[in-house]
Amino acid sequence: MRFRDEKPGDVERTREVVRGWRTANPQGTPEQLLADVGHQFHSDWAPVLRSVLITVDRHRVREITGQASSGRGHP
């Protein structure tokens, strides 16, 4: 699978799924994420799901600590 063959909406769908999963599983691990939602994506997307989870978590920490995104394009 080549990621350049994906549609632009695929990445946003991934973000939405991961955000929803994190909301439902605040203490969940990346392995649990893959077990729970990985079947919705091509198996090559496992690294993408993990990286989106890291980004979602980083954004939430910034919201909690009052250091919200500085406009540099972070989700």
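The chain is numbered in sequence order, starting from 1.
- Evaluated for a side chain to side chain contact (heavy atoms under 4.5 Å, CB included) with Arg22, the options Val52, Leu53, Val17 yield exactly one hit, Leu53.
- With sequence neighbours left out, the side-chain contact (heavy atoms from CB on, under 4.5 Å) criterion links Val11 to Arg15, Trp45.
- Side-chain contact check for Arg58 versus Ile54: some heavy-atom pair is nearer than 4.5 Å.
- When the side-chain contact (heavy atoms from CB on, under 4.5 Å) test is applied to Ala46, the partners found at least two apart in sequence or on another chain are Leu34, Arg50.
- In this structure, Arg19 CZ and Thr55 OG1 are separated by 10.0 Å, a value rounded to the nearest 0.5 Å.
- Listed by chain and number, the residues in a side-chain contact (heavy atoms from CB on, under 4.5 Å) with Thr29 are Glu31, Gln32 (sequence neighbours excluded).
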For the pair Val56 and Trp21, evaluate side chain to side chain contact (heavy atoms under 4.5 Å, CB included) and give the outcome as yes or no after the intermediate values.
CA-CA 10 Å; Val56 165; Trp21 181 86; over 6 Å; no
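- For Arg60, the side chain to side chain donor-acceptor pair (under 3.5 Å) test picks out Thr23, with sequence neighbours left out.
- With sequence neighbours excluded, no residue forms a salt bridge (Lys or Arg N to Asp or Glu O under 4.0 Å) with Asp36.
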